[in-house]
Amino acid sequence: MIPYGHQNIDDDDIKAVTDVLSSEWITQGPITPKFEELIADYCGAGFGVAVNSATSALHLACLSLDVGPGDYVWTSPNTFVASANCALYCGAKIDFVDIDPFTYNMSIEELERKLESADKEGKLPKVIIPVHFAGQSCDMKSIKRLAEIYEFKIIEDASHAIGGKYFGSVIGDCKYSDITVFSFHPVKIITTGEGGMAVTNNFDLADKMSRLRSHGITRDKKVMNNYNKEEQWYYEQIQLGFNYRMTDIQAALGISQFKRLHSFIDKRKELVSNYNDKLCELSVITPFVGDGIDPAWHLYVIKVLGERTHIFELMRKMGVGVNVHYIPVHFQPYYQKLGFKMGQFPEAENYYKQALSLPLFPGLLPEQQEHVIDSLERVI
Ligand SMILES: *Cc1c(COP(=O)(O)O)cnc(C)c1O
């Protein structure tokens, strides 16, 4: 079965990991800050905080922006559940903004409409989490403009989008947001096995996130309550944090993977343009790319016009590991119990009925891609 996504690991990656294994430190040590600096510098952000997953990064990002009980957080229904769960971890309420039928990202018209009515009811969100679906940036200029009017904070969920650009700005430079989060799960653009990072230009947010990553413990004498220079072992827990640390084993893999970021992106683009060329003759809808957007292409999603379940099954029978991204979050039983209803976000729901992700990863061979295209042609 040709999978829909797959990591790309070479000998240098393996050597980077084994070098750490035979070094002094294997948990968070000297390599993790190097990885943080590398990613932050690449994005043009001031600070990077590496953690054990993007889910943890989203949680810490919400906490650092003081999301808590009584607050509202809004995200897209067309995402992985983690983009919404992070608000619930903080005791906040979650809500969704329906998607744009062309980009499959958060719709600006819907956002505007929803903000107007939330304003009247006094239920404005504290934080909005736009998700750069498939690696294509949301309309961040509009979201930022609305943030200035309605005074909400922005966390970009860029789990799909490292290496992408938006009107010449690198995703992660936080030009239009407070914090940007990346995922390094194996199916994403670069991997650390499991791992994630939050980048920001705000020192205080970075400082809060790095303290919360490690139990809320500090050794910074400026913030300790009872600092005493005689007691060199002394540290203080000043708030309730977690163990969300990234290991140096993971960070070393990340540094090694990062060297191939651009070759990965180029390869993804080449595969995407080949799909676009070949599929335009079939009755499927290929991805639309908005103005000023240079996607990182985490996913290649088409919309099929026929019976999707049947097409899915036939493709799998032909050895093509197609997938579906995403089941709208509010369809999940857990979210239904929170009170969300079917039919509440119709664009995300219509999209979901037709969506099909085709295999896309740097190691996809030309003959494998041919097989995907041939199979689709036959099935449709
Ligand atoms: C993968 C993913 C996450 C979660 O990433 P992890 O590193 O697995 O925690 C969050 N949001 C989106 C959009 C994702 O695709």
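Throughout, numbering of the chain's residues begins at 1 and tracks the sequence. All ligand and atom numbering here is 1-based and tracks the order in the structure.
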Starting from [atom], what is the nearest protein heavy atom, named by residue and atom, and what distance separates them?
atom: atom 10 (C) of ligand 1; answer: S159 OG, 3.4 Å
atom: atom 15 (O) of ligand 1; answer: H160 NE2, 2.7 Å
atom: atom 11 (N) of ligand 1; answer: D157 OD2, 2.7 Å

(message) Quick check on contacts: which atoms of ligand 1 are under 4.0 angstrom from a heavy atom of T79?
(response) 13 (C)
(request) For V131, counting its heavy atoms only, list the atoms of ligand 1 lying under 4.0 Å from any of them. (result)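 Listed by number with element, the hits are 13 (C).
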(message) Just to be sure I read this right, does ligand 1 sit under 4.0 Å from the backbone of H298, its side chain, both, or neither, counting only heavy atoms?
(response) neither
(request) Heavy-atom distances under 4.0 Å are what count here, so tell me which part of T55 touches ligand 1: side chain, backbone, both or neither. (result)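 The answer is both, backbone and side chain.
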(request) Using atom types as modelled and distance alone, determine if a side-chain donor or acceptor of K269 lies under 3.5 Å from a backbone N or O of D294. (result)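 No, the answer is negative, given that no donor and acceptor are paired below the 3.5 Å cut-off.
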(message) If we ignore hydrogens and angles and just use 3.5 Å, is the side chain of Q136 paired with the main-chain N or O of F288 as donor and acceptor?
(response) yes
Quick check on [X] - does any of its heavy atoms sit under 4.0 Å from an atom of ligand 1?
X: G195; value: yes
X: Y326; value: yes
X: S83; value: yes

(request) Looking only at distances, please establish whether an N/O atom of ligand 1 is found under 3.5 Å from an N/O atom of A54. (result)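 Yes; the residue has a nitrogen or oxygen that sits under 3.5 Å from a nitrogen or oxygen of the ligand.
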(request) Test the R308-Y352 pair against the cation-pi criterion, namely NZ or CZ under 6.0 angstrom from the six-membered ring centroid and within 45° of the ring axis. (result)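 That pair qualifies as a cation-pi contact.
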(message) Taking the ring of F47 and the ring of F203, is the distance between their centroids below 6.0 Å?
(response) yes
(message) Suppose we call two aromatic rings close when their centres sit under 6.0 Å apart. Are F167 and Y176 close by that rule?
(response) no
(message) Side chains of N78 and S76: any donor to acceptor distance under 3.5 Å?
(response)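 N78 and S76 do not have a side-chain donor-acceptor pair below 3.5 Å.
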(message) Pairing donors with acceptors under 3.5 angstrom, does anything connect the side chains of Y166 and H132?
(response) no
(message) Taking K222 first and then D220, would you say they form a salt bridge - that is, a charged N and a carboxylate O separated by under 4.0 Å?
(response) yes
(message) I want to confirm something. Looking only at heavy atoms, which of H325, E194, K188, H185 is nearest to atom 2 (C) of ligand 1?
(response)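 Of the listed residues, K188 has the closest heavy atom.
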